[in-house]
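Here the structure comes first, spelled out in structure tokens, and everything after it is commentary.
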Amino acid sequence: MKVCHTVNAWTLHNGKVLLVKHKKLGIWLAPGGHVEANELPHMAAQREFWEESGVRGQVISAYKSPKAGKTSQYLPLPFYCNLHEINKPRGNTFCEQHYSWGFFVRVTDQSGFAQNLEETDGIGWFGPDEIDDLETSEDIKNEARFVFQNFPN
């Protein structure tokens, strides 16, 4: 079974989460996508966040890490990792599973806010009272609820 590594970039800004409507899947979800060769997952989250929304952001760790020494660098930690079946084409191959990291992203510049017309059928900011009515999976609704309750200050 082919496993692809993917990321999702979740932000909470002015009391709302940023979601895109995925063109191929037809559902609302956090900006995200595949981790490219030689790319660290948190950097992929920042890239995908910007590519799909035009919004610049900085990944922030969901948890505290030990103090870095001289031989290591501690990277931002995701707030979740999950594995889900996908069986969708990616180029000439098929992903059969996604091993996905969900990262918190703090907005640094939203002046470029715009829909990526190649990859999405919509973009928007959604409040907690709008999540239940979104056309998406229960897992994504639960992730959004988690973000509303746990996004770092």
Side-chain angles (χ1 to χ4, degrees), residues 1-62 75-152:
M1 196 173 274
K2 180 167 173 51
V3 175
C4 290
H5 296 264
T6 62
V7 294
N8 292 99
W10 286 91
T11 194
L12 183 64
H13 188 69
N14 296 327
K16 296 187 175 192
V17 293
L18 177 63
L19 301 175
V20 295
K21 189 161 189 185
H22 194 280
K23 191 169 270 195
K24 291 179 184 175
L25 300 176
I27 61 172
W28 289 95
L29 42 72
H34 286 81
V35 178
E36 295 179 356
N38 300 314
E39 185 176 40
L40 295 171
H42 73 286
M43 297 305 292
Q46 285 181 189
R47 175 184 53 77
E48 289 285 351
F49 187 71
W50 174 72
E51 287 177 358
E52 292 188 5
S53 71
V55 177
R56 296 278 183 190
Q58 179 71 40
V59 167
I60 52 177
S61 191
L75 304 176
L77 297 170
F79 70 92
Y80 72 78
C81 297
N82 75 30
L83 184 66
H84 55 272
E85 294 191 10
I86 190 76
N87 203 16
K88 296 285 181 186
R90 174 161 165 69
N92 296 328
T93 64
F94 278 82
C95 302
E96 295 182 20
Q97 289 184 322
H98 279 174
Y99 178 65
S100 187
W101 291 277
F103 287 97
F104 290 132
V105 175
R106 188 170 318 282
V107 170
T108 59
D109 179 8
Q110 62 179 339
S111 63
F113 177 74
Q115 179 183 342
N116 178 328
L117 297 173
E118 290 180 24
E119 296 184 25
T120 66
D121 282 333
I123 188 170
W125 294 93
F126 298 90
D129 56 330
E130 299 172 281
I131 299 303
D132 287 338
D133 297 328
L134 285 175
E135 185 180 349
T136 194
S137 72
E138 194 60 31
D139 286 341
I140 293 169
K141 289 178 184 181
N142 287 335
E143 290 166 10
R145 290 180 192 113
F146 185 91
V147 171
F148 283 114
Q149 295 172 356
N150 296 283
F151 193 84

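All values reported here derive from a predicted model rather than from experimental measurement. The chain is numbered in sequence order, starting from 1.
Scanning all heavy atoms of the two residues, the minimum distance from D132 to K141 falls at O-NZ, 2.9 Å. The minimum heavy-atom distance linking E48 with G32 is given by the pair OE1-O, 3.1 Å. Across all non-hydrogen atoms, the minimal contact from V35 to P41 is CG2-CA, 4.3 Å.
Applying the salt bridge (Lys or Arg N to Asp or Glu O under 4.0 Å) test to D133 and every residue at least two apart in sequence or in another chain returns nothing. E130 meets the salt bridge (Lys or Arg N to Asp or Glu O under 4.0 Å) test with no other residue; sequence neighbours excluded. Judged as a side-chain contact (heavy atoms from CB on, under 4.5 Å), and not counting sequence neighbours, the contacts of F146 are F79, F104, N150.
At least one donor-acceptor pair closer than 3.5 Å links the side chain of S61 to the backbone N or O of L77. Side chain of Q115 to main chain of T120: a donor-acceptor pair is present (N/O by atom type, distance under 3.5 Å, no hydrogens or angles). Side-chain atoms of H34 do not come within 3.5 Å of backbone N or O of E36 as any donor-acceptor pair. Formation of a donor-acceptor pair under 3.5 Å by the K21 side chain with backbone atoms of D121 is not found in this model. Between the side chain of S100 and the main chain of N82, no donor-acceptor pair closer than 3.5 Å is present. The backbone N or O of L117 sits less than 3.5 Å from a side-chain atom of K23, completing a donor-acceptor pair. Side-chain atoms of T136 do not come within 3.5 Å of backbone N or O of L29 as any donor-acceptor pair. Side-chain atoms of D109 do not come within 3.5 Å of backbone N or O of R56 as any donor-acceptor pair.
Looking at heavy atoms from C-beta onward, V55 lies out of side-chain contact with V105 at the 4.5 angstrom threshold.
For D139 and S137, the side-chain atoms include no donor-acceptor pair closer than 3.5 Å.
The 12-atom threshold is not exceeded at CD of E118, counting heavy atoms of other residues, nucleotides or ligands nearer than 6.0 Å.
Ring geometry, H5 versus Y99: the interplanar angle exceeds 60°, so the pair is classed perpendicular (tilted spans 30 to 60°).
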